[in-house]
Amino acid sequence: MPTYFHLDMDAFFVSVEELFDPALKRKPVVVGGRPNERGVVSAASYAARQFGVHSAMPLRTAYKLCPQAIFVDGHPERYREYSGKVYQALQSFSPLVEMASIDEAYLDMTGTERLYGPPLRAAYLLHERILRSTQLNCSIGIAASRLVAKISSDLAKPNGVLWVIPGHEAAFLAPLDVRKVPGVGKVTEKNLHALGIRKVGDLAKLEESFLAERFGKWGLALAGKSRGLDAGGWFDTAIGEDTGPKSISHEHTFSEDTADIAQLEATLARLSEMVGRRLREHRLHAGAIQLKLRYSDFSTITRARSLSRATQLDTELFQQARELFRRNWRTGAPVRLLGVHASGFEEEAPQMDLIGEEHHERWKQTLAAADRLRERFGESAVSLAAGMRGQFRERTHENPAGLPGKKPKG
DNA sequence: TCTGGGGTCCTAGGACCC
DNA sequence: TCTGGGGTCCTAGGACCC
């Protein structure tokens, strides 16, 4: 019988912000931006949650519910730093660790009784170690499956530990709302409610075949989940097994919708550079590029194309993204969001003919130099030529890395 | 309410091949 | 003139998670 821990940091973003500004402690705090900005709540303190504020809620709505809340911008670097500290502490505790997101992790604790004692004792030791090394609180769920461990860490919050003793899974799950099952969101919940299914116990009573007929493959997985079983997808991989990224993307929502072609293409250039940089960090080449385009009415299209040769070069990514944009933009229609998405990764640089080789090599060296400059002076220090037009003009330098190629017109 | 940004996984239709 | 079946790849969209 395996033993899994699911560890989830309590109000992670808010708690990290409190470490940098202790005056925020115990106050209603909303992380995500100013109340009059376009955007949603990334995280809300427990005091803010009392007013009905929760993550993913528009900032304007949060302000209406809780005008006295302190609104702060998010600091992704800080969260990454503290996520790293959490990971270090976990690794010092057990080698079989996997971060499932920036603020949660699974541990395979099977067979550690001799080292740490029974599960509850191990969990308290771990809880102490996390607090000591990060100054942050967490909650821990313990179970014989990762799924049940995750659900129980949610119920243990805040700052608690909950162990579902093997054999008691069904009794634990039965009274919970179906929404508590990871993977059941708004839509599935509504579909289940329409069938009179509200609790996990209602789900577990149904025949597998009924769910499979109704919801296909997803229905089958759901039947298993309602019984507390790990099955399918990520659950089939061992904890700690390293699977690299499958896609890399960046997107931007404009503070005001725009139809200004210079601003739109400058944004595409910047997004392409950000994607290219991440590709090079991971030593990956993208075999496919996708453009995302959202209009004022929130209608969204994606347009993708496979590349004849995989690439990690900003210029090639930008060329493809711009081509997709020019072909698919309803000319003149104001745009709310643009995104550039890379996938179909290959690790090794693909073969090229000799003539292309020299040009390609020069670009690679140039971009490596640009990446080093960005490391020293920040993301906006270096930019593609097209990025110099439009809104980013003031933030870029004239060709600081000696970029090869033509200068932009105008 | 007026809706971010970064991901993963699944479905479904059409192209294409044998 | 009307007519296969299966497999795989590509593309678009959507549900969901943090």
Is any NZ, NE, NH1 or NH2 atom of the basic residue among Arg198(A) and Asp177(A) found under 4.0 Å from an Asp or Glu carboxylate oxygen of the other?
no
Which pairs with one or both residues in residues 322-346 of chain A pass ring pair (Phe, Tyr, Trp, His ring centres under 6.0 Å), sequence neighbours excluded?
Phe325(A)-Trp329(A)
Minimum heavy-atom distance between Ser94(A) and Leu107(A), given as atom pair plus value:
CB-CD2, 4.0 Å
Taken to the nearest 0.5 Å, the spacing of Asp230(A) CG from Ser145(A) OG works out to 4.5 Å
Under a 4.0 Å heavy-atom cut-off, which of residues 39-51 of chain A touch DNA chain C?
none
Classify Thr188(A) by what it touches in the nucleic acid, base, sugar-phosphate, or nothing, heavy-atom distance under 4.0 Å.
sugar-phosphate
Please list, chain by chain and in numerical order, all residues satisfying side-chain contact (heavy atoms from CB on, under 4.5 Å) with Gln50(A), sequence neighbours excluded.
none
Looking at every strand, decide which applies to Leu59(A) at a 4.0 Å heavy-atom threshold: base, sugar-phosphate, or nothing.
nothing
Ser296(A) vs Leu271(A), nearer the 5' end of DNA chain B by closest nucleotide
Ser296(A)
Outermost nucleotides of DNA chain C that come under 4.0 Å of a non-hydrogen atom of chain A:
dC10(C) to dC18(C)
Would you indicate what Lys292(A) reaches in the nucleic acid, counting non-hydrogen atoms under 4.0 angstrom: base, sugar-phosphate, or nothing?
nothing
Of all residues at least two apart in sequence or in a different chain, which pass the side-chain contact (heavy atoms from CB on, under 4.5 Å) check with Leu115(A)?
none
Here the helical stems involving DNA chain C, each at least 3 consecutive Watson-Crick or G-U pairs closer than 3.5 Å, sorted by first residue number, are B:5-18 with C:5-18
Distance between the P atoms of dG14(C) and dG4(B), in whole angstroms?
16 Å
More than 12 heavy atoms of other groups within 6.0 Å of Glu213(A) CD
no
Go through it in stages, so that I can follow the logic: the residues are Lys150(A) and Glu104(A), the test is salt bridge (Lys or Arg N to Asp or Glu O under 4.0 Å), and I'd like the CA-CA distance, side-chain angles, deciding distance and then a yes or no.
CA-CA 9 Å; Lys150(A) 177 160 170 74; Glu104(A) 60 178 319; 3.0 Å; yes
Quick one: label Glu104(A) by what it contacts on the DNA or RNA (base, sugar-phosphate, nothing), any heavy atom closer than 4.0 Å.
sugar-phosphate
Can you tell me how far apart CG (Leu338(A)) and CG (Leu268(A)) are? Round to the nearest 0.5 Å.
5.0 Å
Compute the centroid of each ring, for His6(A) and then for Tyr4(A), and state whether the two points are separated by less than 6.0 Å.
no
Any sub-3.5 Å donor-acceptor pair from Ser15(A)'s side-chain atoms to Asn137(A)'s backbone N or O?
no
Starting at the 5' end of DNA chain B and moving along, which residue's nearest nucleotide shows up first, Arg38(A) or Lys217(A)?
Arg38(A)
